[in-house]
Number of protein chains: 2
Amino acid sequence: MSSSHSEEDPLPTRSLRTGQAVEHMVAVLSEEIVSGQWPPGSRLPAQQIAQRFSVSRTPVREALSQLCAMGLAESRPHRGVITAQVSQADLLAMFEAMAELEAACARLSAQRMTLAERHQLSAMHEGSRDLRASTRSSEYAVFNDAFHSLIYQGSKSDYLIELTLSTRARLAPFRHTQFRVARRPEHSFAEHSEIVAAISAGDAERAAQAVRQHVLSVAHVSSDYVAARSRTGESPCPE
Amino acid sequence: MSSSHSEEDPLPTRSLRTGQAVEHMVAVLSEEIVSGQWPPGSRLPAQQIAQRFSVSRTPVREALSQLCAMGLAESRPHRGVITAQVSQADLLAMFEAMAELEAACARLSAQRMTLAERHQLSAMHEGSRDLRASTRSSEYAVFNDAFHSLIYQGSKSDYLIELTLSTRARLAPFRHTQFRVARRPEHSFAEHSEIVAAISAGDAERAAQAVRQHVLSVAHVSSDYVAARSRTGESPCPE
DNA sequence: CGCCGTTAAATTGCATGCACTTTTGCGAAG
DNA sequence: CTTCGCAAAAGTGCATGCAATTTAACGGCG
């Protein structure tokens, strides 16, 4: 669901391929909201959206509802749905929460990971040495996701994992640029080393602290990037 | 739907007070699921539910969707919606996550609360001395919610607060019995004292640790209670 | 007796049409 | 000029009807 969300439909999609209309609208609209094409606080007229996607109001209603659940929009009582602006402060707050969630996972992982899991984590980290200087930042991003996921799983706490994954998903639009920042993979690798060491040693508090710092450093990189992007007022291809 | 379906609707309560059908169904169904009247894993037939509440499938669909979002049901691809069983292990995992969330709030609160907020927290705690031995457990429950909420707010991290509140809401059905356990308020008060002391002192790690322990002790009380209740197999009146 | 294709049933997603509620624009009364 | 009230407009919730997809049941074939 990442990069190429190619829509080969020049006109309003006649996607009668039942079962994807809502999903499609959510994908398109969320991308547009995140990228700033809908000014924050602007209305999302259900009628027009229905026409644009050539669907009826029922699926639009569902899509808008999901956007609200995702925090990208909000619905006033009887005044329609408007786009919710994600200020830099909001973004930082979300990363902050993410840092705490991942720290909690790391804390529990340090206590609960099996020996095999610790070895796997360590091996995966070592295996990423090569990618540090890779020109293809997406490669490191893929590894990075897997690495963090391993820590989530190690916590053995399903609900915590669920919360962490959903928060990560919610932050995804703002994160996918972080590795384009110069030398970010190197820094990331160094921080991962400390995390692996702490978890391997079973030092819960140290692991938590290391992860917290790591995520917060990502936060600063990303939020600065987003802030800069919004300052330049980019609005590339409307569709 | 077969032919023998009365299309007259004078009998069902004229609850056409638009705007509460979904909410009502969610409330009733969630209560029934939590109380075990729907055996875990049993199907929730949309059709029958629609008839039972005298509504069409559209709002039922919405209600079931919300139940899934609440974790009380799950939807298999094309095999209908079934009630999700919340095992004692699941419950413990949720409390565990709650403990980490609240600990994170406490950590941040210890660092960020204003002096006024610390005093308010302390005052509220002191004010609860009397309620310790109150025979009306609901009174202590109300105070307890307010006390914990104050700590959430002190974190100044909106998204973290949001996560914490929604998790608390999700646990509510299992928590509302905790203060019926003998001498629970006394223990709670003692634990609160440590929390207040740590936050007042600005000792983040100590505050986090104190809250973590406090929530986990609630977890054990509640999950034991639920486990005991499910063993006795209560399933009073089907309707 | 087991395997496979066919058909019936259930589920889902969506379109469309109302009925009701709340906002809001606008003109009249104070 | 402000305030009140009224009526049009917008928003919302729900009913009902299809069409498409999938699962599950059933009977023939190997």
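Protein chains get the first letters and strands the later ones, always in sequence-line order, with residue 1 at the start of each.
- For the pair B:S56 and A:G80, both in contact range of DNA chain D, the more 5′-proximal nearest nucleotide belongs to A:G80.
- For the pair B:T58 and D:dC14, the criterion of a side-chain N or O lying under 4.0 Å from OP1 or OP2 is not met.
- Checking the phosphate oxygens (OP1, OP2) of D:dA24, a side-chain nitrogen or oxygen of B:R79 falls inside 4.0 Å.
- The distance between atom NE2 of B:H24 and atom C1' of D:dG13, rounded to the nearest whole Å, is 16 Å.
- Checking B:Y140, B:F147, B:F143 one by one against B:S188, the side chain to side chain contact (heavy atoms under 4.5 Å, CB included) holds for a single residue, B:Y140.
- The line from OG of A:S166 to CG of B:L163 is 7.0 Å long, rounded to the nearest 0.5 Å.
- Taking atom CD1 of A:I82 as the reference point, atom C1' of D:dA10 lies 16 Å away to the nearest angstrom.
- Note: CG (A:L64) to P (D:dG11) measures 11 Å, nearest angstrom.
- Atom pair A:R61:CZ and D:dC14:P shows a separation of 7 Å (rounding to whole Å applied).
- In this structure, A:I49 atom CD1 and C:dA15 atom C1' are separated by 18 Å, rounded to whole Å.
- A:P45 comes within contact range of no nucleotide atom at all, as no heavy-atom separation falls under 4.0 Å.
- Rounded to a whole Å, the CZ atom of B:R43 is 8 Å from the P atom of D:dA24.
- Note that CD of A:E96 is 7.0 Å distant from CG of A:L216, once rounded to the nearest 0.5 Å.
- The nearest whole Å value for the distance from the CD atom in A:E62 to the C1' atom in C:dA15 is 15 Å.
- Defined by atom type and a distance below 3.5 Å, a donor-acceptor pair is present between the side-chain atoms of B:R168 and B:S149.
- Relative orientation of the B:H214 and B:H148 rings is parallel, given thresholds of 30° and 60° on the angle between their planes.
- Interface remark: the B:R57 side chain does form a donor-acceptor pair with the D:dG17 base, using a distance-only criterion of under 3.5 Å.
- Atom P of nucleotide D:dA24 and atom CZ of B:R76 are separated by 8 Å, given to the nearest angstrom.
- Considering only side-chain atoms of B:H78, the nucleotide from D:dT21, C:dT23, D:dT16 that sits closest is D:dT21.
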